[in-house]
Amino acid sequence: MSIKNIDSFTHTRGESVYLDDIPVVNGTLYACAYGSPFAHGKILALNLDEALSMEGVVRIFTCKDIPGKNQIGGIIPDEPLLADSAVHYIGMPVALVVAVSAELAAAAVKKITLEIDKLHVITDPREAQQHGNLIVPPRTFRLGGSNSAFDNCEHVFEGTADTNGQEHLYIETQGAYALPVENGSIRVISSTQGPTAVQKHTAEVLGIPMHRVEVDTTRLGGGFGGKEDQATSWAALCALACWILKKPVKYSLHRMEDMRMTGKRHPYSSDFRIGLDKDLRILSYEVSFYQNAGAAADLSPAVLERTLFHSTNSYHIPNVTATAYSCRTNLPPNTAFRGFGGPQGMFVIEAAIAKAAESLGVPASAIQHKNLIKSGDEFPYGQLAESEAHACWKKAKSLYDTDKICDEIRQFNSSNRFLKKGLSFMPICFGISFTKILMNQARALVHVYLDGSVNISTGAVEMGQGVNTKMLQVAAQVFSISPQQIKVNSTNTYRIANTSPSAASATADLNGKAVLDACEKIRERLILSAAEILGCLPEAVSLKDGQVLINGSPSSLTWNGLVNASYLKRVNLSEHGHYATPGIHFNSEKEKGHPFAYHVYGTAITVVTVDCIRGTYEFDAVKLVHDFGTSMNPLIDKGQIEGGLVQGIGWMTMEEIIYDNEGKLRSNALSTYKVPDIYSVPKELDIHFLETAKDNLAIFRSKAVGEPPLMYGIGAYFALRNAIKAFNPNSDMAFSAPMTPEKVLMGLYAHKTGNR
Ligand code: MTE
Ligand code: HPA
Ligand code: MOS
């Protein structure tokens with residue numbers, strides 16, 4: 001049974017509630033943060049007097065006002081909520097102005113000045129690494145012996161590959177609203193993927209236990225990873241002001257503040273070396289990743305880890321050495337973004353394969369196909385694959401008749417001088433589970449009310465991905481009742497404790513299994529109760545479409561009747577479900593284990609047409625085969641593929657984050673940062689569901705779908721590269737994404753220079 005996204009009705013009518021739609025309480029004050037105008041330096045003086053004298057200003061907070069810990073670092077305690085003695089990036093919060101309106105707070109912020117003793121600004125991760133500025137010690141994943149394996153290789157190629165960052169550009173900017181509650185408690189409404197992270201850090205900042213902090217999240221206008229960790233500071237800042245002033249305090253960031261002050265996808269610079277035998281089998285691969293972490297750890301160590309996990313993408317390579325450096329620079333701390341470091345790792349192996357293919361004069365697809373991972377092959381981290389890589393590739397090749405497409409492209413290219421087409425294959429493989437094992441747990445609270453209606457709470461945060469609809473489907477299926485009888489609540493730390501953030505594409509799996517656990521326990525009690533009422537054996541009772549059946553035939557009892565009668569008999573109609581993914585483990589000393597519940601596979605074929613006079617391009621088609629398992633909601637899952645793909649194409653082609661050498665963001669608004677719109681969507685988009693009925697750990701065998709499709713976007717980069725090569729075979733562009741029209745134009749007319 002699949003249903004429409006339960007939010008679709010209120011979304012289209014503009015009635016869905018986001019942070020800014022919540023009616024404010026009388027007397028609410030508004031906050032605005034003063035961010036450092038300098039990227040690095042020791043604080044000499046902070047001048048607040050003029051701002052304090054401005055109209056409507058109630059108070060200005062600094063780190064000195066924090067009653068608890070001035071610390072919001074999630075993995076490593078290296079990030080103050082408000083700067084104390086030094087500033088480390090432009091936009092780093094230094095003070096918080098609270099005023100009677102958002103406009104007056106923003107006006108007062110402009111009057112604050114900061115004096116610093118300037119320190120050297122680093123924006124380049126390789127420079128940071130050379131200075132030893134690392135967030136955590138480097139990590140290396142190893143399989144076989146890559147060094148000696150190169151001796152047996154017929155062909156060895158090396159190079160450099162760079163990917164830029166990406167602005168999350170959630171439509172709803174960061175924000176929070178904190179309200180005082182009696183007895184020294186506080187309620188925080190936060191646009192966060194991680195209500196528990198907000199609760200924990202708010203409690204620490206205020207110096208109170210977590211049980212006094214209620215965090216509530218109805219839904220987000222997009223998160224994409226940007227609100228996994230980085231929603232916390234705005235909530236904690238509102239909470240700080242609320243706590244001290246005993247007044248409700250709200251802060252909803254202006255788009256340009258959000259772009260300037262928050263971290264983004266991590267840019268990476270990487271070196272690779274790839275070795276193949278005469279049959280195009282990849283025997284050896286070495287790669288070094290330089291991750292631009294920004295000024296604090298945030299989630300960077302976890303992102304780094306996922307880069308290593310996905311450094312060989314969908315391929316089996318017997319000898320691998322992959323090393324990753326998390327480099328501290330003077331940029332805003334970079335953070336989670338759909339794919340979580342995986343895409344950065346995959347880009348490099350695809351670049352290495354492209355380099356080998358171009359040098360050997362074979363299509364990249366020949367190398368890709370030859371090396372696809374098979375079931376039983378070992379990933380560099382020790383887990384054995386249960387692979388759908390070949391199935392997806394084969395299906396894509398036959399379903400879309402890629403041989404014919406290639407012929408047509410060849411013909412087109414030989415008969416057109418200034419228009420060239422390029423094609424790429426992009427296989428993906430993405431591991432599902434938080435790479436930190438302990439995070440793979442979830443809880444749900446299910447109430448069946450005495451009228452038969454059902455109410456569900458989970459730790460899942462709805463951010464547009466449709467997770468609430470899936471939670472509702474789980475309960476509807478277990479109870480076999482109409483979706484209309486079920487309501488999903490906001491995510492609230494007083495109902496569900498110790499939640500993992502909604503992230504890692506695992507939200508529906510983890511929380512769905514917790515809902516399943518709770519609903520099954522209630523159903524068991526109801527079946528016993530029905531057997532008593534109907535005077536039959538429990539084994540004979542089942543629930544179907546709102547009816548109670550005995551041996552498959554309708555009884556006199558309906559669902560509503562059964563619930564009510566059970567209530568009268570004092571049967572417990574509520575349950576708290578719990579789920580922890582079984583069988584996963586990882587030893588980070590050996591860097592081996594079985595970290596993922598399962599992998600998601602797919603193959604995309606991308607065709608692009610380049611205008612070789614202007615450097616502009618259009619995507620003719622993306623045709624893909626994706627491993628959904630057995631989708632529990634094909635409509636929602638298809639939407640995730642479409643959105644993820646276009647977001648990936650944006651990252652690879654047009655979204656260009658530019659910081660200058662002083663660490664100042666130049667692409668700080670939508671006029672200077674170009675994102676995909678409806679015209680960037682491929683003219684043809686075919687999504688085929690790979691039919692598999694294999695068992696897996698996904699909820700109802702419906703595999704996680706949130707992040708994997710973003711990586712199909714990498715195919716856009718290589719399709720463009722192939723089109724450029726069709727125009728100018730001698731073009732030797734660096735592997736450097738995004739492939740903006742400027743870079744395309746330079747690539748079209750560039751000639752071989754060095755060893756790139
Ligand atoms: N889809 C929408 N519409 N909005 C979002 O913010 N976030 C993505 C993905 N799809 C996102 C989205 C990211 S980064 C993740 S990890 C997953 O959804 C999170 O939700 P899931 O675990 O339920 O897939
Ligand atoms: N994915 C997404 N978010 C995370 C992860 C992960 O693997 N680990 C910690 N936060
Ligand atoms: Mo997604 S980057 O795991 O929030």
Side-chain angles (χ1 to χ4, degrees), residues 5 7-8 11 16 18 74-75 166 168-172 191-194 196-197 217 219-231 263-266 297-310 334-344 430-440 442 458-471 491 499-512 581 584 586 595-597 600 628 632-633 636-648 651 698-699 702-711:
N5 188 319
D7 281 347
S8 53
H11 276 4
S16 297
Y18 299 89
I75 296 180
Q166 186 175 23
H168 298 87
L169 220 93
Y170 23 65
I171 293 177
E172 179 194 37
S191 179
T192 179
Q193 291 174 240
T196 293
T217 304
R219 66 163 65 71
L220 318 184
F224 306 111
K227 296 170 183 171
E228 179 174 341
D229 221 46
Q230 299 214 349
K264 308 173 194 319
R265 183 188 293 285
H266 294 77
D298 192 274
L299 291 164
S300 298
V303 171
L304 191 80
E305 189 172 67
R306 201 175 265 281
T307 302
L308 290 170
F309 281 121
H310 296 317
N334 286 315
T335 195
F337 197 133
R338 207 171 195 167
F340 206 77
Q344 291 94 321
F430 196 75
I432 303 302
S433 285
F434 285 97
T435 55
K436 195 164 179 65
I437 302 294
L438 82 86
M439 294 176 81
N440 296 286
T458 74
V461 171
E462 175 60 59
M463 56 189 117
Q465 88 279 41
V467 72
N468 281 356
T469 306
K470 291 184 175 178
M471 296 305 96
T491 315
T499 62
S500 290
S502 285
S505 305
T507 318
D509 281 359
L510 297 172
N511 292 275
T581 313
I584 50 172
F586 194 71
F596 298 118
V600 170
F628 293 87
M632 68 186 283
N633 196 318
I636 285 176
D637 287 353
K638 208 171 160 204
Q640 285 294 297
I641 301 279
E642 292 167 351
L645 168 71
V646 174
Q647 198 165 35
W651 174 50
I699 179 72
S702 177
K703 284 191 171 182
V705 69
E707 292 166 286
L710 183 128
M711 284 149 269

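Every number for a ligand or one of its atoms is a count from 1 in the order of the listing.
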Nearest non-hydrogen protein atom to atom 10 (N) of ligand 2, with distance, is Glu228 OE2, 2.7 Å
Look at the rings of His168 and Phe337 and say which category their plane angle falls in: under 30° parallel, 30 to 60° tilted, over 60° perpendicular. parallel
Considering distance alone, does some N or O of Phe224 sit under 3.5 Å from an N or O of ligand 1? yes
Proximity of Tyr170 and Tyr18 rings by center, below 6.0 Å: no
May I ask you to list the atoms of ligand 3 that are less than 4.0 angstrom from any heavy atom of Phe337? 2 (S)
Checking the N or O distance criterion of under 3.5 Å, is ligand 1 in contact with Ala504? no
Any donor and acceptor pair, going by atom type alone, linking the side chain of Glu707 with main-chain N or O of Arg338 inside 3.5 Å? no
Of all heavy-atom pairs linking Thr192 and Leu220, the shortest is N-CD2, 3.3 Å
For ligand 1 and Gly464, I'd like to know whether there is a polar contact (N/O to N/O, distance under 3.5 Å). yes
Interfacing atoms of ligand 2 (cut-off 4.0 Å, heavy-atom, Ala504): 1 (N), 2 (C), 6 (C)
Atom 3 (O) of ligand 3: nearest protein contact (heavy atom, Å): Ala504 N, 2.7 Å
Before giving the answer on salt bridge (charged side-chain N to carboxylate O under 4.0 Å, His left out), spell out for Glu172 and Lys227 the whole-Å C-alpha distance, their side-chain angles and the decisive distance to 0.1 Å. CA-CA 11 Å; Glu172 179 194 37; Lys227 296 170 183 171; 3.5 Å; yes
Atoms of ligand 1 less than 4.0 Å from Gly222 heavy atoms? 6 (O)
Does ligand 3 come near enough to Ser505 that some N or O of the ligand is less than 3.5 Å from an N or O of the residue? no
Least distance between heavy atoms, Ile584 atom then Pro595 atom: CG2-O, 3.6 Å
Report the member of Phe434, Phe596, Phe337 with the shortest heavy-atom distance to atom 8 (N) of ligand 2. Phe434
What protein heavy atom sits nearest atom 9 (C) of ligand 2, and how far off is it? Met439 SD, 3.6 Å
